[in-house]
Amino acid sequence: MKLIFAIVGALTFGAWAPAPAPTTPNATDDLQPRVVVIHMVDKGSAQWRFEPAKVQVRRGDVLRFVQDDIAPHNVQFKDTPDGAQLEPTTIMGPFLIQKGSTYEIQMDDRFPPGVYKFACTPHEPLGMVGEFEVIESDSTP
């Protein structure tokens with residue numbers, strides 16, 4: 001009899017489970033480091049692009065370039081804000097040859113706030129250019 005009541009009660013009122021604890025977004029969650037992804041793509045007819053071509057990042061974020069094409073691509077900085085301290089291996093990144101390979105740049109003290117313009121060295125004349133803006137940590141991207 002108890003089993004029948006339990007089954008009828010579950011069917012009538014639904015199975016009982018404790019309510020999940022309420023969650024309140026923490027204001028600092030928006031300021032946690034992120035991975036910002038830019039894809040290197042072929043749009044057809046030799047129309048290579050960075051997608052998205054413009055992004056905002058904060059100090060601590062990682063900028064990840066993903067090779068989504070079969071043509072070799074790289075990232076070469078063309079214009080940086082005053083105070084940027086990029087070493088030669090960052091100014092001209094490696095060529096990514098295999099589809100799915102990545103190149104990552106940590107947004108650290110070398111990157112003061114401002115706009116950074118970059119291009120794929122061999123495909124810049126064909127429009128493969130992009131930019132990212134480093135913003136202050138307390139800003140919302």
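- Residues meeting the side-chain contact (heavy atoms from CB on, under 4.5 Å) test with A71, sequence neighbours left out: W48, D69, H73, H123.
- Not a single side-chain hydrogen bond (donor to acceptor under 3.5 Å, both in side chains) links D79 to another residue, sequence neighbours left out.
- With sequence neighbours excluded, the residues satisfying side-chain contact (heavy atoms from CB on, under 4.5 Å) with K43 are V41, Q47, R49, E51.
- Of all heavy-atom pairs spanning Q56 and V36, the tightest one is O-CG2, 4.4 Å.
- Every residue was checked against the side-chain contact (heavy atoms from CB on, under 4.5 Å) condition with Q85, not counting sequence neighbours, and none meets it.
- Shown here for P33 and D61, the closest heavy-atom pair between the two residues is CA-OD1, 3.5 Å.
- Shown here for A46 and D42, the closest heavy-atom pair between the two residues is N-OD1, 4.4 Å.
- Counting non-hydrogen atoms of other residues, nucleotides and ligands closer than 6.0 Å to NZ of K54 gives a total of 12 or fewer.
- With contacts defined as side-chain heavy-atom distances shorter than 4.5 Å, the pair L63/V55 qualifies.
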Give the table of side-chain donor-acceptor pairs shorter than 3.5 Å for residues 91-105, with sequence neighbours excluded, one pair per line with atom names and distance.
{"residue": "S101", "atom": "OG", "partner": "Q98", "partner atom": "O", "Å": "2.6"}
{"residue": "E104", "atom": "OE2", "partner": "R64", "partner atom": "NE", "Å": "2.4"}
{"residue": "E104", "atom": "OE2", "partner": "R64", "partner atom": "NH2", "Å": "2.8"}

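- In plain terms, the two heavy atoms of F50 and N74 that are nearest each other are CZ-O, 3.7 Å.
- Cluster membership check: V35 shares its hydrophobic cluster with V66, using side-chain heavy-atom separations under 4.5 Å among Ile, Leu, Val, Met, Phe, Trp and Tyr.
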- Going through the distances and angles, do R34 and V62 end up as a side chain to side chain contact (heavy atoms under 4.5 Å, CB included)? CA-CA 6 Å; R34 306 165 297 155; V62 172; over 6 Å; no
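- Below 30°, between 30° and 60°, or above 60°: for Y116 and F132 the angle between ring planes is below 30°, a parallel geometry.
- When hydrophobic clusters are built by joining Ile, Leu, Val, Met, Phe, Trp and Tyr residues whose side-chain heavy atoms come closer than 4.5 Å, directly or via intermediates, V129 is not grouped with L86.
- Residues E136 and R59 are not paired through a salt bridge, judged by the lack of any N-O separation under 4.0 Å between the basic side chain and the carboxylate.
- When the side-chain hydrogen bond (donor to acceptor under 3.5 Å, both in side chains) test is applied to D108, the partners found at least two apart in sequence or on another chain are R110.
- Shown here for C120 and P72, the closest heavy-atom pair between the two residues is SG-O, 4.3 Å.
- With hydrogens and angles disregarded, a donor-acceptor distance shorter than 3.5 Å links the side chain of Q106 to the backbone of G60.
- Grouping the Ile, Leu, Val, Met, Phe, Trp and Tyr side chains by contacts below 4.5 angstrom, directly or via other members, places V115 apart from I38.
- Cluster annotation: V37 and F118 are assigned to distinct hydrophobic clusters (Ile/Leu/Val/Met/Phe/Trp/Tyr, side-chain heavy-atom contacts under 4.5 Å, transitive).
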